[in-house]
Amino acid sequence: MRLMSAPDESITNSEGTRVDENHGQYGIMLSRLEDSWVRQVSGEKFWGGLVQVQSQSSYVTIQDCSMTNPVSRISGGRRYAFSADDSEYVLMQRCFASEGRHDFVTGSR
């Protein structure tokens, strides 16, 4: 499956980086899930990332996924291709990301 956000690519900063954030933040957000998975998904141009696992999710597998070409400002809270926050037992395997700020990130718990 392929997910793609649609930013206005004409909006750039003084360095030429595309910085529009009036488009999709995440491709997939998982919340309060148990025993779940995401696999074989590619994402492009989301400003937050492809997959965010959050809010007490557990036993989640993210596998064979990719996130490329994020469009956003480069600063805190952006370009986290694969993230897990307030969750436990999250496995990310054979995933790829490019141009991220932090491609794989974990938060609390």
Side-chain angles (χ1 to χ4, degrees):
M1 176 186 299
R2 182 176 182 201
L3 304 175
M4 181 180 280
S5 188
D8 181 345
E9 299 198 32
S10 68
I11 299 173
T12 61
N13 64 12
S14 61
E15 295 149 359
T17 302
R18 299 167 301 162
V19 295
D20 179 33
E21 292 182 353
N22 190 20
H23 64 98
Q25 182 176 6
Y26 290 98
I28 299 169
M29 294 182 75
L30 306 175
S31 180
R32 299 184 185 275
L33 292 178
E34 186 173 322
D35 298 321
S36 56
W37 51 264
V38 174
R39 67 181 181 148
Q40 297 177 343
V41 177
S42 64
E44 189 171 348
K45 301 184 182 180
F46 293 98
W47 67 266
L50 179 60
V51 180
Q52 182 182 52
V53 182
Q54 63 179 9
S55 300
Q56 303 170 356
S57 293
S58 59
Y59 303 102
V60 177
T61 299
I62 311 301
Q63 175 177 299
D64 301 322
C65 294
S66 66
M67 171 62 194
T68 58
N69 304 316
V71 175
S72 72
R73 292 182 296 126
I74 301 174
S75 66
R78 293 162 176 79
R79 297 188 181 212
Y80 296 170
F82 301 95
S83 65
D85 187 31
D86 192 26
S87 299
E88 59 187 5
Y89 305 110
V90 177
L91 171 65
M92 298 179 194
Q93 66 178 356
R94 296 188 305 269
C95 294
F96 171 82
S98 69
E99 299 180 46
R101 184 167 177 267
H102 300 296
D103 291 327
F104 297 89
V105 65
T106 60
S108 62
R109 273 181 86 152

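Please read these numbers as outputs of a predicted model, since none were measured by experiment. We number each residue from 1, following the sequence as shown.
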> Can you tell me if CG on Asp35 sees more than 12 non-hydrogen neighbours from other groups inside 6.0 Å?
Replying inline: yes
> Quick one: which of Gln52, His102, Met92 gives a side chain to side chain contact (heavy atoms under 4.5 Å, CB included) with Phe82?
Replying inline: Met92
> Judged by atom type as modelled, is there a donor-acceptor pair below 3.5 Å linking the side chain of Ser36 to the main-chain atoms of Glu34?
Replying inline: no
>> Tell me if a side-chain donor or acceptor on Ser5 pairs with a main-chain N or O of Phe46 at a distance below 3.5 Å.
In response: no
> Side chain of Arg79, backbone of Ser72: donor and acceptor closer than 3.5 Å?
Replying inline: yes
> CD1 of Ile11 to CZ of Arg73: how many Å apart, nearest 0.5 Å?
Replying inline: 12.5 Å
>> Quick test of your reading of the model: are Arg94 and Asp64 salt-bridged, counting only N-O distances below 4.0 Å?
In response: yes
>> Strictly distance-based, threshold 3.5 Å: is any side-chain N or O of Gln54 a donor or acceptor partner for the main-chain N or O of Met29?
In response: no
> Between Met67 and Asp103, is any pair of side-chain heavy atoms under 4.5 Å apart?
Replying inline: no
>> Less than 4.5 Å apart, side chain to side chain, heavy atoms only: is that true for Asp86 and Gln56?
In response: yes
>> For a side-chain contact (heavy atoms from CB on, under 4.5 Å) check, start with the C-alpha distance between Glu99 and Thr68, then their side-chain angles and the critical distance, and finish with the verdict.
In response: CA-CA 7 Å; Glu99 299 180 46; Thr68 58; over 6 Å; no
> Between Trp47 and His23, is there a donor-acceptor pair closer than 3.5 Å when you use the side chain of the first and the backbone of the second?
Replying inline: yes
> Does some side-chain heavy atom of Leu91 sit less than 4.5 Å from a side-chain heavy atom of Trp37?
Replying inline: no
> So do Asn22 and Asp8 actually touch side chain to side chain, heavy atoms under 4.5 Å?
Replying inline: no
>> Using a 3.5 Å distance criterion without hydrogens, assess whether the side chain of Ser87 forms a donor-acceptor pair with backbone atoms of Ser58.
In response: no
> Which heavy atom in Ala97 sits nearest to a heavy atom in Ala81, and how many Å separate them?
Replying inline: CB-CB, 3.6 Å
> Would Val53 and Val38 show up in the same hydrophobic cluster when neighbours are defined by side-chain heavy atoms closer than 4.5 Å?
Replying inline: yes
